[in-house]
Amino acid sequence: MNRTMRILCLPATLSLALLSGVSAPAFAGSDGGGGAAGPWPPQDTDGKYVSVPDAYYADYEFEACDTTIKVSYGDERELKYKGEKKDDGTLVIKYRGDITVDLTRDSDKATIDELDISGPFTMKLAADGLSAYLSGRGPGLVYAMSPAEEKAFEDEGLPKAFYFKERRLSGKVVYSSTDQKEVVSGEITHNSIRNAKDICKLLDRAKDDDHGHR
């Protein structure tokens, strides 16, 4: 799966880094049973929430802690989405449902199991495809994938990769083109989250706890 599409999907996987790229590769969707249901992301789902494509749950990676962090989906995989195409051409996609991930740091294999990222997430892509508004509530995982995103996080006093449990984080991004979706500028427009937890420090703690139980 294209990693920029992956960030679109992250409901916090915002899976979503929150201020990361968005793309729309034309692979099959899912009707809940793994069957093809059309291109992704959807243009409209008639006001209904439906299961995300099975391919959504593929492993992916991001760079943090001076190494690579691998993300694998956990036991909870109940994510659904609703797509709506507005009259002005804006595409709105909303995500909700229970979902967990496992994080593994490549440099030392420190692991966090079953991290809850079930916070609801909304993405609004402009009709010209060159800008988007992204908003998510905790619990969610957020990480920067471009210098523009890193600066937006730094300006807000946030780590490059972090986890938050509650409240809301929103932002706007501008893309270089409609195909590559490289973020050229971004800003956080709303931040009510508290106690954002640096992913690197959480992995350090997980490693120490693992050693303590051996």
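Here, residue 1 is the first one in the sequence, and each next residue gets the next number. If you're wondering where the values come from, they're calculated on a predicted model, not measured in any experiment.
You'll find the side chain of Glu63 stays beyond 4.5 Å of the side chain of Ile69, heavy atoms only. Between Asp102 and Glu114 there is a side-chain heavy-atom pair separated by less than 4.5 Å. The shortest side-chain heavy-atom distance between Ile199 and Leu103 falls under the 4.5 Å cut-off. When side chains are defined from C-beta on, Leu125 counts as touching Tyr175, because their heavy atoms get closer than 4.5 Å. For the pair Asp106 and Lys109, the minimum side-chain heavy-atom distance is below 4.5 Å. Looking at Lys80 and Lys82, their side chains never come closer than 4.5 Å, going by heavy atoms from C-beta outward. Looking at Thr189 and Ser170, their side chains come closer than 4.5 Å, going by heavy atoms from C-beta outward.
When all heavy atoms of Gly140 and Tyr163 are compared, the closest pair comes out as O-CD1, 3.1 Å. Here the closest heavy-atom approach between residue Ile188 and residue Ala152 is recorded as CD1-O, 3.9 Å. Here the shortest heavy-atom pairing between Asp44 and Gly47 reads OD1-N, 4.2 Å. What you find for Asp59 and Lys70 is that their closest heavy atoms are OD2-CE, 3.3 Å. Between Ala64 and Ala161, the shortest heavy-atom distance links the atoms CB-CB, 4.0 Å. Smallest separation of non-hydrogen atoms from Arg167 and Phe164: O-CE1, 3.6 Å.
In the model, Thr68 has no side-chain atom that pairs as donor or acceptor with a side-chain atom of Glu61 under 3.5 Å. For Thr100 and Asp116, the side-chain atoms include no donor-acceptor pair closer than 3.5 Å.
Rounded to the nearest 0.5 Å, atoms CG (Leu79) and OH (Tyr73) are 7.5 Å apart. For the atom pair Tyr57 OH and Ser72 OG, the distance stands at 14.0 Å (nearest 0.5 Å). The OG atom of Ser51 lies 7.5 Å from the CD atom of Glu78; values are rounded to the nearest 0.5 Å. In this structure, the separation between NZ on Lys124 and CD1 on Ile93 is 12.5 Å, given to the nearest 0.5 Å. To the nearest 0.5 Å, the span separating OG on Ser177 from CG on Leu130 amounts to 7.5 Å. Between the CD1 atom of Ile193 and the NZ atom of Lys165 there is a distance of 13.0 Å, given to the nearest 0.5 Å.
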Practice prompt. Run the numbers on Lys207 and Asp108 for salt bridge (charged side-chain N to carboxylate O under 4.0 Å, His left out), then give the verdict.
Written response: CA-CA 8 Å; Lys207 182 180 179 181; Asp108 59 6; 3.4 Å; yes
Discussion item. Run Thr104 and Leu203 through side chain to side chain contact (heavy atoms under 4.5 Å, CB included) and show every step you take.
Written reply: CA-CA 8 Å; Thr104 303; Leu203 285 164; over 6 Å; no
Practice prompt. Walk me through it: do Ile112 and Leu202 pass the test side chain to side chain contact (heavy atoms under 4.5 Å, CB included)?
Written response: CA-CA 8 Å; Ile112 299 173; Leu202 290 179; 3.8 Å; yes
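Atom CG of Asn195 has 12 or fewer neighbouring heavy atoms from other residues, nucleotides or ligands inside a 6.0 Å radius.
Checked against the 6.0 Å centroid criterion, the rings of Phe162 and Phe153 qualify as a close aromatic pair.
Criterion: ILVMFWY side-chain heavy atoms under 4.5 Å apart, direct or through other members. Under it, Val92 and Tyr49 are not part of a common hydrophobic cluster. There is a path of hydrophobic side-chain contacts, each under 4.5 Å, that joins Leu115 to Phe62. Tracing side-chain contacts under 4.5 Å through hydrophobic residues (I, L, V, M, F, W, Y), one never reaches Tyr133 starting from Tyr81; they form parts of separate clusters.
Sorted pairs that involve residues 71-131 and meet disulfide bond (SG atoms under 2.5 Å apart), not counting sequence neighbours, are lacking altogether.
Listed for the Ser192 side chain is a donor-acceptor partner under 3.5 Å among the backbone atoms of Arg168. A distance-only check finds a donor-acceptor pair linking the side chain of Ser118 to the backbone of Ile99 [under 3.5 Å]. Checked by atom type and distance alone, the side chain of Glu156 never pairs as donor or acceptor with a backbone atom of Asn191 at under 3.5 Å.
For the pair Arg137 and Phe121, the NZ or CZ position fails the cation-pi test of under 6.0 Å to the six-membered ring centre and within 45 degrees of the ring normal.
Between Glu149 and Lys151 there is no salt bridge, since none of the side-chain N atoms of the basic residue sits less than 4.0 Å from a carboxylate O of the acidic one.
Every side chain to side chain contact (heavy atoms under 4.5 Å, CB included) that Asp204 has, sequence neighbours left out, goes to Arg105.
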